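Right, one structure below, let's go through it.
Nothing here was measured: the structure is a model prediction, and the numbers come from that model.
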2 protein chains.
Amino acid sequence: MSATLPICPLDKKYLYRKITIMEQEQTLKTYTLTDDEQRLSEMMKALGHPARMQIIRYLMEHPQCITGDIVDVLPLAQATVSQHLKVLRDAGLICGTIEGTATCYCLCYESVDWFKAQVGNLF
Amino acid sequence: MSATLPICPLDKKYLYRKITIMEQEQTLKTYTLTDDEQRLSEMMKALGHPARMQIIRYLMEHPQCITGDIVDVLPLAQATVSQHLKVLRDAGLICGTIEGTATCYCLCYESVDWFKAQVGNLF
DNA sequence: CATATTCATCGTATTTTTACGATAGAGAAG
DNA sequence: CTTCTCTATCGTAAAAATACGATGAATATG
């Protein structure tokens with residue numbers, strides 16, 4: 001398996017330097033994410049499920065739709081779809097507005113733009 | 001909770017039209033993702049864990065490093081870090097090359113570029 | 001007012017993920 | 001050759017995610 005991976009030779013000098021440093025420094029274990037990176041990771045998690053990705057795509061193609069529309073189109077029970085919608089809501093990727101007995105969902109374009117910008121800057 | 005969500009008024013005409021259509025069409029439940037979207041979702045899932053996001057960020061800042069470097073910096077056991085590295089490898093986001101007893105890891109820039117392009121096109 | 005519809009939430013079973021100690025293999029070092 | 005280092009994998013316990021039926025709240029319909 002490793003044999004098929006691209007070559008990425010280790011710089012021996014770097015290795016030597018690293019060992020020298022490690023003898024002096026303490027193991028800190030304090031490498032943390034910024035708040036933005038944390039939030040980005042949460043959004044990624046929300047999008048990291050095929051059903052939720054499907055919902056996002058559906059909302060792109062159908063900018064105004066209600067829960068039932070999405071339920072009709074996915075191979076999942078209504079309760080499950082509702083749960084996925086909640087995850088996307090909590091991640092800030094979509095917003096829902098109650099309209100009578102229905103709930104109208106749409107993409108939260110502000111968050112989506114933020115997400116795209118963050119991904120653009122990430123790597 | 002719903003009260004704080006942005007307003008997204010449902011178009012009554014659309015609702016009416018939808019009902020009319022639904023009377024004619026069958027419930028298909030065949031809304032699927034493309035292969036690209038499926039793969040994108042898997043990458044999102046891989047990035048949807050703070051530890052793995054930390055690893056990616058560390059690899060950005062330290063383009064050449066070995067497993068031990070990452071273990072030193074994260075508050076996780078070596079076995080756990082190795083498991084996260086495997087997830088990132090399986091997602092194609094990083095690649096590892098065995099160098100003696102160590103394994104050198106680096107970002108897979110090809111996949112990263114693909115990921116960024118897909119996110120750019122997604123919404 | 002009685003009934004239909006729409007949907008979020010609850011409770012719960014199942015599956016998956018996460019984390020870690022232990023282990024083993026593959027080199028390097030002495 | 002023996003020992004030490006580095007790391008992937010295994011087994012497993014605990015936590016989280018996923019899926020669904022049942023329920024209830026809110027509203028529309030007759």
Item checked: Heavy-atom side-chain contact between A:C95 and A:Y105 under 4.5 Å -> no
Checklist line | Rounded distance (Å) that lies between atom C1' of D:dA17 and atom CD of A:E42 | finding: 15 Å
Margin query: Can you tell me which nucleotide in D:dC6, C:dT6, C:dT9 comes closest to the side chain of A:R89?
Written below: C:dT9
Notebook entry, point to check: Taking CD1 from A:I55 and C1' from D:dA19, how many angstroms apart are they, rounded to a whole number?
Noted result: 13 Å
Check: Whole-Å distance between D:dT18 C1' and A:R52 CZ?
Finding: 9 Å
Margin query: Once hydrogens and angles are ignored, does a donor-acceptor distance under 3.5 Å link the base of C:dA8 to the side chain of A:Q78?
Written below: yes
Next item on the list: Using a cut-off of 6.0 Å, state whether more than 12 heavy atoms not belonging to A:D35 lie near its atom CG.
Entry: no
Note to self: Can you see if the side chain of B:T80 gets near the phosphate of C:dC20 - specifically, an N or O under 4.0 Å from OP1 or OP2?
What the structure shows: yes
Next item on the list: Remember a base hit wins even if backbone is also touched, and classify A:T67 as base, sugar-phosphate or nothing at under 4.0 Å, heavy atoms.
Entry: sugar-phosphate
Check: Closest to the B:A77 side chain: C:dA8, D:dA26, C:dC20?
Finding: C:dC20
Next item on the list: Send over the distance from B:I98 CD1 to C:dA28 C1', rounded to a whole Å.
Entry: 15 Å
Notebook entry, point to check: Does the side chain of B:H49 get closer than 4.0 angstrom to OP1 or OP2 of C:dA19 through an N or O atom?
Noted result: yes
Next item on the list: Choose from C:dA26, D:dC20, D:dT27 the nucleotide whose nearest atom is closest to any side-chain atom of B:T101.
Entry: C:dA26
Notebook entry, point to check: Which whole-number value in Å describes the distance from B:L88 CG to D:dA8 P?
Noted result: 12 Å
Check: B:Y31 ring centre to A:R57 NZ or CZ under 6.0 Å, with the angle to the axis within 45°?
Finding: yes
Notebook entry, point to check: Are the side chains of B:M53 and B:H49 in touch, meaning some heavy atoms are under 4.5 Å apart?
Noted result: no
Notebook entry, point to check: If only atom types and distance count, is the side chain of B:E37 paired as donor or acceptor with the main-chain N or O of B:T34 below 3.5 Å?
Noted result: yes
Check: Rounding to a whole Å, what distance do you find between A:I66:CD1 and C:dA8:P?
Finding: 10 Å
Notebook entry, point to check: Looking only at side-chain N and O atoms, does A:Y105 come under 4.0 Å of OP1 or OP2 in C:dT6?
Noted result: no
Note to self: So, does B:S82 get its side chain near the phosphate of D:dT9, meaning an N or O under 4.0 Å from OP1 or OP2?
What the structure shows: no
Notebook entry, point to check: Which glycosidic conformation, syn or anti, is assigned to D:dA26 if syn requires a torsion within 90° of zero?
Noted result: anti
Check: Can you find a side-chain donor-acceptor pair between B:S41 and B:Q38 that sits under 3.5 Å?
Finding: no
Check: Within the pair B:T103 and D:dA8, is there a side-chain N or O less than 4.0 Å away from OP1 or OP2?
Finding: yes
Notebook entry, point to check: Rounded to whole angstrom units, what separation is found between the CD atom of B:Q83 and the C1' atom of D:dA8?
Noted result: 11 Å
Note to self: I need the CG-C1' distance between B:D72 and D:dT5, as an integer number of Å.
What the structure shows: 13 Å
Next item on the list: Just compare D:dC20, C:dT17, C:dA19 and give me whichever is closest to any side-chain atom of B:K45.
Entry: C:dT17
Check: OP1, OP2 of C:dC7 versus side-chain N and O of A:K86: anything below 4.0 Å?
Finding: no
Note to self: Return whichever of B:A79 or A:A79 has its heavy-atom-nearest nucleotide of DNA chain D closer to the 5' end.
What the structure shows: B:A79
Item checked: Pairing partner of C:dC7 (Watson-Crick or G-U wobble, both distances under 3.5 Å) -> D:dG24
Check: Taking OP1 and OP2 of D:dT7, is either one under 4.0 Å from a side-chain nitrogen or oxygen of B:H84?
Finding: no
